[in-house]
Amino acid sequence: MLKAVRGFKDLLPEEASVWAYLESRAREILARYGFSEIRIPVLERTELFARSIGETTDIVEKEMYTFVDRNGESLTLRPEATAGVVRAFIEHGLHTRPKPLKLFTIGPMFRHERPQRGRLRQFHQIDVEVFGAASPGTDAELVALALEILGAGGAEGLRLEVNSLGCPECRRPYREKLREFLLARRDRLCEDCQRRAERNPLRALDCKKENCQAEYREAPELPDFLCETCRGHYEEFKTYLQEAGLSFVENPRLVRGLDYYTRTIFEIKAPGLGAQDTVAAGGRYDGLVSALGGPETPAVGFAIGMERWLLIARPPESLRLPPELFIAPLGDEARRWAFQLAFALRKKGLRVETDYEGRSLKALLRQANRLSAERVLILGEEELQRRKVLIKDLATGDQMFLPFEDLRDLVNRILIEMRF
RNA sequence: GUGACCGUAGCUCAGUUGGUCAGAGCACCGGGCUGUGGCCCCGGGGAUCGUGGGUUCGAAUCCCACCGGUCACCCCA
């Protein structure tokens with residue numbers, strides 16, 4: 001059997017309707033917060049991701065869907081959205097627009113990882129970015145926005161973790177200190193951490209191995225190394241959150257897998273999702289726009305993982321409205337009437353279903369019942385001849401005749417009957 | 001990418017120590033009610049038992065490989 005490729009999945013109607021519901025809630029809130037949608041390609045030059053996410057990150061080193069195009073250039077299915085949005089921002093001179101510029105985009109991302117619940121190779125994100133706002137108020141506002149969106153889907157018990165990565169100036173000395181610290185006890189660390197000590201010391205702190213964590217109890221922590229400006233930014237950020245009553249946990253070990261972050265970073269986790277419990281995450285990336293060739297522009301953003309949000313969301317029971325009327329035609333002529341009636345009534349705004357398969361009345365009623373139709377219009381040879389159709393209320397079982405002159409008249413009478 | 005567990009109708013599962021083992025419930029279609037649903041009763045369609053090899057007189061049942069899922073690691077949304 002032909003199956004969807006590994007890590008790629010179909011969304012069947014039940015799930016797709018929840019998806020659409022969540023997405024519309026998100027759009028509604030984003031609009032209230034002043035965000036505009038931007039739609040960008042899922043494919044970019046590989047170089048864009050290598051330069052923005054970082055050459056030595058796992059994403060770039062081993063998780064990208066990269067291929068060589070017919071003309072020889074290396075292209076990659078986007079593993080995240082920020083790089084593309086920043087590219088578009090620069091390419092179209094969006095820095096000339098009134099600032100801050102608030103954008104969001106929703107779509108698929110691709111990462112070649114081993115699939116698991118809440119982790120697909122094609123997954124979807126709601127990606128939110130603000131350009132041209134350097135102050136911590138915006139950082140806090142984005143956190144509030146993320147929490148509000150997730151909450152609107154019915155998510156509960158979310159845990160907000162925050163940290164500051166500082167700026168390149170204060171991070172560099174810290175990085176060195178940490179590297180020294182790690183190398184000093186190298187032989188007691190796990191293999192991964194030994195490797196991290198050289199290449200990416202910050203990530204070691206995030207190690208889940210107990211032994212390593214025990215070693216790191218004494219490790220230098222970034223917040224202690226922040227320069228005055230960064231510390232001020234971080235403190236102000238936290239004050240905004242506190243004053244808004246948004247509870248959070250400071251996690252000095254929190255780091256992110258992408259190199260471009262500066263200062264504020266945060267993650268929103270949902271208990272009960274297992275190892276993949278980060279539903280939303282983001283942070284500030286003040287250096288990225290200029291690093292990619294644009295004008296010096298501070299920026300902050302975050303992304304919500306749709307699939308993970310779906311796992312914790314509690315959408316309303318009935319997202320799909322049942323038909324108001326089911327037309328049950330018996331015979332060829334009746335079916336032609338049914339077609340026209342359905343057409344006209346739908347145009348008038350009624351949710352109408354019918355069936356052309358020539359099934360028995362019994363089968364048609366069963367179908368109407370299954371669809372939870374409110375009423376059934378029984379349209380048989382007799383009814384047509386006597387110019388009297390039968391309209392039945394499926395909930396009560398009551399039925400009555402509806403006399404009519406012609407098709408137009410019948411449409412009107414049904415409308416009057418249904419609207420009352 | 002590493003490890004563990006798992007893979008029987010659309011769905012949830014049963015299938016003893018390899019030998020009527022290809023089944024059940026739900027869903028779907030139809031009949032009982034030749035033009036009246038939801039309950040009930042009856043019947044029907046639907047499975048190369050994930051795929052491909054191998055062992056065997058004989059495999060869903062044992063072995064191997066591959067594919068896929070789940071969980072953990074890695075990492076991350």
Legend entry - Aromatic plane relationship, A:His112 with A:Tyr65 - under 30° parallel, 30 to 60° tilted, over 60° perpendicular: tilted
Inset, instruction - Return the nucleotide paired to B:rG43: Watson-Crick means purine N1 to pyrimidine N3 with N6-O4 or O6-N4, wobble means G-U with N1-O2 and O6-N3, both under 3.5 Å. - result: B:rC29
Inset, instruction - Report yes if a donor N or O on one partner sits less than 3.5 Å from an acceptor N or O on the other, where the partners are the side chain of A:Arg119 and the base of B:rC75; otherwise report no. - result: yes
Legend entry - Nearest to side-chain heavy atoms of A:Ala363, which nucleotide of B:rC76, B:rG30, B:rU36: B:rG30
Inset, instruction - Indicate, yes or no, whether a donor-acceptor pair under 3.5 Å links the base of B:rC76 to the side chain of A:Arg308. - result: yes
Legend entry - Annotated protein contacts, base or backbone, on nucleotides 38-53 of chain B with a non-hydrogen cut-off under 4.0 Å, one of B, S, - each: B---------------
Legend entry - Quiz item: A:Glu383 side-chain donor-acceptor pair to B:rG35 base, under 3.5 Å: yes
Inset, instruction - Determine which pairs satisfy ring pair (Phe, Tyr, Trp, His ring centres under 6.0 Å) with at least one residue from residues 248-283 of chain A, sequence neighbours left out, and list them in order. - result: A:Tyr260-A:Tyr285
Legend entry - A:Gln116 side-chain N/O to B:rA72 phosphate OP1/OP2 under 4.0 Å: yes
Legend entry - Listed partners of A:Glu55 passing salt bridge (Lys or Arg N to Asp or Glu O under 4.0 Å), at least two apart: none
Inset, instruction - Report yes if a side-chain nitrogen or oxygen of A:Arg121 is closer than 4.0 Å to either non-bridging phosphate oxygen (OP1 or OP2) of B:rG68; otherwise report no. - result: no
Inset, instruction - Please state whether the phosphate of B:rC73, meaning OP1 or OP2, lies under 4.0 angstrom from any side-chain nitrogen or oxygen of A:Arg114. - result: no
Inset, instruction - Sticking with atom P, work out how far B:rC73 lies from B:rG58, rounded to a whole angstrom. - result: 46 Å
